Amino acid sequence: MAQIQHSPPSDFIREIIEDHSRTKRFKGRVATRFPPEPNGYLHIGHAKSVCLNFGIAAQYGGACNLRMDDTDPSGETQEYVDSIIRDVKWLGFDWEDRLYYASDYYEQLYQYAVQLIKESKAYVCSLSADEIREHRGTLTEPGKESPYRNRSVEENLDLFKRMQAGECEDGALVLRARIDMASPNIVMRDPVLYRIKRTHHYRTGNQWCIYPMYDFAHCLSDSIEKITHSICTLEFENNRPLYDWILDGLKTECHPQQIEFARLNLSYTVLSKRRLIELVRKGYVTGWDDPRMPTIAGMRRRGYTPEAIRSFCERIGVAKNDSIIDMALLEHCVREDLNEKAPRVMAVLHPLRVVIDNYPESRVEEFDSPYHPQNPILGSRKVPFSRVLYIEQEDFMENPPKKFYRLSPGREVRLRYGYFIKCVGVVKDPKTGQVVEVHCTYDPETRSGFAPDGRKVDATIHWVSAEHSISAEVRLYDRLFQVANPMGEEGDFTKYLNPKSLEILTTCRVEPGLATIKSEDRFQFERLGYFCLDLKDSIPGRPAFNRVVTLRDSWAKLAGQEKK
RNA sequence: UGGGGUGUCGUCAAGCGGUAAGACACAGGUCUUUGGAACCUGGAUUCGGAGGUUCGAAUCCUCCCACCCCAGCCA
């Protein structure tokens, strides 16, 4: 099976890097980093950034660091660090020994701040948070200078030391950059560099009570790690002048180039950490790894493969346009990957009892059934066949419409890997009129799947032997939201949650071979979709499967059109 | 009504002054022991709009319009 070859990715960021290579801007060196804040789980949007940063490093012979951007102790935890490490690794990337923490730079960062003060480029401000906001001005009006802006270097040094020593209340003092209160760019109006926060830090404990702000910590962390290209999302474009101002002011040896790209948006879901946390906290989903979540952990549990996610991240491209990618593309990537490598097995989600009237009561046959129609390397297994079977309720219709060509009274179909059967009667529930059992006859001459007389059959349906199949739970997942862009609609986004995003089926029957699997391997349940064993919820003898994605279904499309 | 960005098919996205790639989606068709997969075909006379420069403009210039980001001691 040929691997799908995609053209080598090219985008404006790689163009910039190649330009830098030509002009020897960084002596031809390329170093990137993926810098998540450990205050939540990674999602598919992060995956885009991970693939970009690690991908670029690999492509240009450089390295990509994994850095925890942990500069705000509230909300950051070791659990999140662990999940990030697990997820990036699972995605298939390797940072070798380059796992860094901004919190490991606190001492250096502090010294840099002292240097800035000594050069009169930063000052300690005694204004309250409210006052600072009032002084900041608005989008159209310049700000006012703080009355503390011209404290002497000595006083600033002393005050900053006291901040650090824990002599002040939270919020009493902040360290600010002395830039320009009249700047049209609000970020440059004497931004706060350090704040006092007596909060326990998951790594440094109570060692520090002052913490650097993002703008101060990030550029310097990049510089300390000798990053060449600091790739981030568009909302930081306004912050780039500050990034450069700090590094210029400190005359650091390494001054990385910040480059911004558009963050990923995906239709029918939300991709902001705030919103995802809300879904988890308020119990709309069962956790960060709920298979409906767009988190790496959720998609993994759902059954998405790292290869599919990487392929998706490559195909969506990298640009500066705000965009919403169609979820259908992600699903396509998942199908494309799973089509190639998922073994085919048979499972009946909504069982309908079928009795083969002319098949001997106690007889059992085994049909050798290949795991993959195009790839014999995957091998085959034996599937037991007997007089009583289950087929999919949907595969039988007593009064079929024109284009329905599965089983119905008087019609003949092929059982996958087995005989032709013909419907000769139905048994109905006397109360409801529902068909509860279908009677068929089989043609012993069609064991090969073909009739010696050359007659054809319109459909092939899947089945399991009633006696030999095992019971399973199957969860059918659908899109989390009912609307393509929940954040673009009126009111609270949770209003648009899809009430049918999860359907739990408890009466499914699967072929016996599935009783013993233990890994998170994915299968194709023939004609239904791709399914993945749920390690968390399976119990011995009763597996639970998550539907990764359906197969493309032109019948459903047809049937849906006729309803309209 | 400041500053920073972005506008090319339904959704993404190439294009870098020489006459609109590709992918997904969609619509037809071939094939088929999965109504799957695979394969073939179809689609922007036009690039947010209006002017201008040019033999020639999605690409250059001018003006206009729309959308996104910024007034956390979050990142």
Side-chain angles (χ1 to χ4, degrees), chain A residues 6-7 10-11 15 35-37 39 69 71-72 74-75 125 127-129 132-134 136-143 170-176 183-189 191-197 210-211 213-215 217-218 232-241 260 262 267 273-274 312 315-333 335-336 339-340 344 346 369-370 372-374 403-406 414-418 420 446 448-450 457-462 484 524-529 550-559:
Chain A
H6 300 295
S7 51
S10 172
D11 52 70
E15 272 177 26
E37 184 189 10
N39 66 348
D69 203 4
T71 56
D72 179 0
S74 44
C125 183
L127 254 25
S128 69
I132 287 183
R133 186 179 333 110
E134 284 159 19
R136 191 149 29 219
T138 68
L139 295 179
T140 51
E141 303 161 74
D170 281 17
L173 259 29
V174 291
L175 182 72
R176 292 227 254 167
S183 172
N185 180 356
I186 294 179
V187 171
M188 298 298 271
R189 318 238 262 232
V192 172
L193 265 22
Y194 265 93
R195 74 285 213 184
I196 302 170
K197 211 167 202 174
I210 59 170
Y211 292 94
M213 298 289 291
Y214 165 84
D215 287 306
H218 202 89
C232 63
T233 44
L234 246 31
E235 66 269 29
F236 293 104
E237 212 147 21
N238 296 323
N239 301 51
R240 178 156 30 100
E260 311 85 11
S267 62
K273 230 186 284 190
R274 267 182 70 98
F312 171 76
R315 285 180 185 227
I316 56 179
V318 180
K320 301 188 74 160
N321 306 334
D322 282 322
S323 60
I324 302 180
I325 307 279
D326 194 340
M327 178 69 96
L329 178 60
L330 213 206
E331 294 179 340
H332 166 82
C333 292
R335 287 194 189 100
E336 180 180 61
N339 173 51
E340 205 174 290
R344 272 59 171 169
M346 290 196 285
S369 311
H372 197 288
Q374 276 87 31
K403 285 177 181 163
F404 181 88
Y405 45 83
R406 277 110 94 159
R414 173 168 41 230
L415 293 177
R416 184 74 162 147
Y417 309 122
F420 284 12
T446 58
S448 64
F450 293 97
V457 97
D458 284 333
T460 299
I461 65 173
H462 62 275
Q524 184 193 105
F525 289 178
E526 293 219 33
R527 304 208 304 131
L528 297 172
T550 61
L551 252 29
R552 285 185 67 229
D553 188 346
S554 48
W555 162 247
K557 203 175 279 176
L558 234 181

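So you know, we letter chains A, B, ... as the sequences are listed, proteins then strands, and number each from 1. Just so it is clear, the model here is predicted, and its values are computed rather than measured.
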Looking at B/A75, B/G5, B/G2, which one has an atom nearest to any side-chain atom of A/Thr140? B/G2
Watson-Crick or G-U counterpart of B/G2, or none if no pair lies under 3.5 Å: B/C70
With a 4.0 Å cut-off on heavy atoms, is A/Glu331 in touch with a base, just the backbone sugar-phosphate, or nothing at all? nothing
Could you please name the option among B/A71, B/A37, B/C24 that lies closest to any side-chain atom of A/His332? B/C24
Any idea if B/G22 is syn or anti, going by the 90°-from-0 cut? anti
Please tell me if A/Arg527 has a side-chain N or O lying less than 4.0 Å from either OP1 or OP2 of B/G35. yes
Classify the nucleic acid contact of A/Lys273 as base, sugar-phosphate or nothing, counting any heavy atom under 4.0 Å across all strands shown. nothing
May I ask you to say what A/Thr138 touches in the nucleic acid, namely base, sugar-phosphate or nothing, with a heavy-atom cut-off under 4.0 Å? base
Are A/Tyr214 and B/A75 stacked, counting the six-membered base ring, centres under 5.5 Å, planes under 30°? no
In the structure shown, which nucleotide is the Watson-Crick or G-U wobble counterpart of B/A27, with both distances under 3.5 Å? B/U41
So what does A/Ile210 hit on the nucleic acid, given a heavy-atom distance under 4.0 Å: a base, only sugar-phosphate, or nothing? nothing
Take atom C1' in B/U11 and the same atom in B/C26, then report the distance between them in whole Å. 11 Å
What residues, two or more places apart in sequence or in another chain, satisfy salt bridge (charged side-chain N to carboxylate O under 4.0 Å, His left out) together with A/Arg133? A/Asp130
When all nucleic acid strands are considered with a 4.0 Å heavy-atom cut-off, which category describes A/Ser128: base, sugar-phosphate, or nothing? base
Using a 4.0 Å heavy-atom cut-off, does A/Ala319 contact any base of the nucleic acid, only the sugar-phosphate backbone, or nothing at all? sugar-phosphate
Which one of A/Arg414, A/Arg527, A/Met346 satisfies the side-chain contact (heavy atoms from CB on, under 4.5 Å) criterion with A/Ile461? A/Arg527
Between the main-chain N or O of A/Arg416 and the side-chain N or O of A/Thr460, is there a donor-acceptor pair closer than 3.5 Å? no
Contact class for A/Glu37 vs. all strands (heavy atom < 4.0 Å): base, sugar-phosphate, or nothing? sugar-phosphate
Look at the side chain of A/Ser554 and decide which nucleotide, out of B/C73, B/G36, B/G5, has an atom nearest to it. B/G36
Spell out yes or no: do the side chain of A/Glu260 and the base of B/C69 have one donor N/O and one acceptor N/O closer than 3.5 Å? no
Looking only at N and O atoms, is any donor in the side chain of A/Asn238 or the base of B/G3 less than 3.5 Å from an acceptor on the other one? yes
Quick one: which of B/A75, B/G35, B/A13 gets closest to the side chain of A/Lys403? B/G35
Option among A/Thr71, A/Asn239, A/Asp69 that satisfies the side-chain hydrogen bond (donor to acceptor under 3.5 Å, both in side chains) test with A/His218: A/Asp69
B/U34, OP1 or OP2 - any side-chain N/O from A/His462 closer than 4.0 Å? no
Only counting residues at least two apart or in another chain, list the ones meeting salt bridge (charged side-chain N to carboxylate O under 4.0 Å, His left out) with A/Asp458. A/Arg411
What does A/Val174 touch in the nucleic acid at a heavy-atom separation under 4.0 angstrom: a base, only the sugar-phosphate, or nothing? base
With sugar-phosphate meaning primed atoms plus P, OP1 and OP2, does A/Tyr211 contact a base, only sugar-phosphate, or nothing at under 4.0 Å between heavy atoms? nothing
Expressed in whole Å, how much space separates the P atoms belonging to B/G49 and B/A66? 15 Å
Just to be sure I understand the rule, does A/Gly317 reach a base, reach only the sugar-phosphate, or reach nothing, if contact means heavy atoms closer than 4.0 Å? nothing
When you compare B/U46 with B/A38, how far apart are their P atoms, in angstrom units rounded to a whole number? 34 Å
N/O (side chain, A/Arg416) to phosphate O (OP1/OP2, B/G35) under 4.0 Å: no
Take atom P in B/C74 and the same atom in B/C68, then report the distance between them in whole Å. 26 Å
C1'-based separation of B/G48 from B/A44 [nearest Å]: 15 Å
Considering only the P atoms, how many Å lie between B/G22 and B/C60, rounded to the nearest integer? 24 Å
Whole-Å C1' distance, B/A50 and B/A14: 27 Å
Could you tell me whether the side chain of A/Arg240 has a donor or acceptor atom within less than 3.5 Å of a complementary atom in the base of B/G4? no
Now, which nucleotide makes the Watson-Crick or G-U wobble pair with B/A14, with each of the two distances under 3.5 Å? none
Counting any heavy atom closer than 4.0 Å, what does A/Glu134 reach on the DNA or RNA strands: base, sugar-phosphate only, or nothing? nothing
By the Watson-Crick or G-U definition, both distances under 3.5 Å, B/G7 is matched with B/C65
Would you classify A/Ile316 as touching base, sugar-phosphate or nothing, given that sugar-phosphate means primed atoms plus P, OP1 and OP2, and contacts are heavy atoms under 4.0 Å? sugar-phosphate
Using a 4.0 Å heavy-atom cut-off across all strands, classify A/Phe404 as base, sugar-phosphate, or nothing. base
hbond_proxy A/Gln374 side chain to B/G36 base (donor-acceptor, 3.5 Å cutoff): yes
Looking across every strand, which nucleic acid part, if any, lies under 4.0 Å from A/Arg189 by heavy atom: base, sugar-phosphate, or nothing? nothing
P gap between B/A23 and B/U62, integer Å: 37 Å
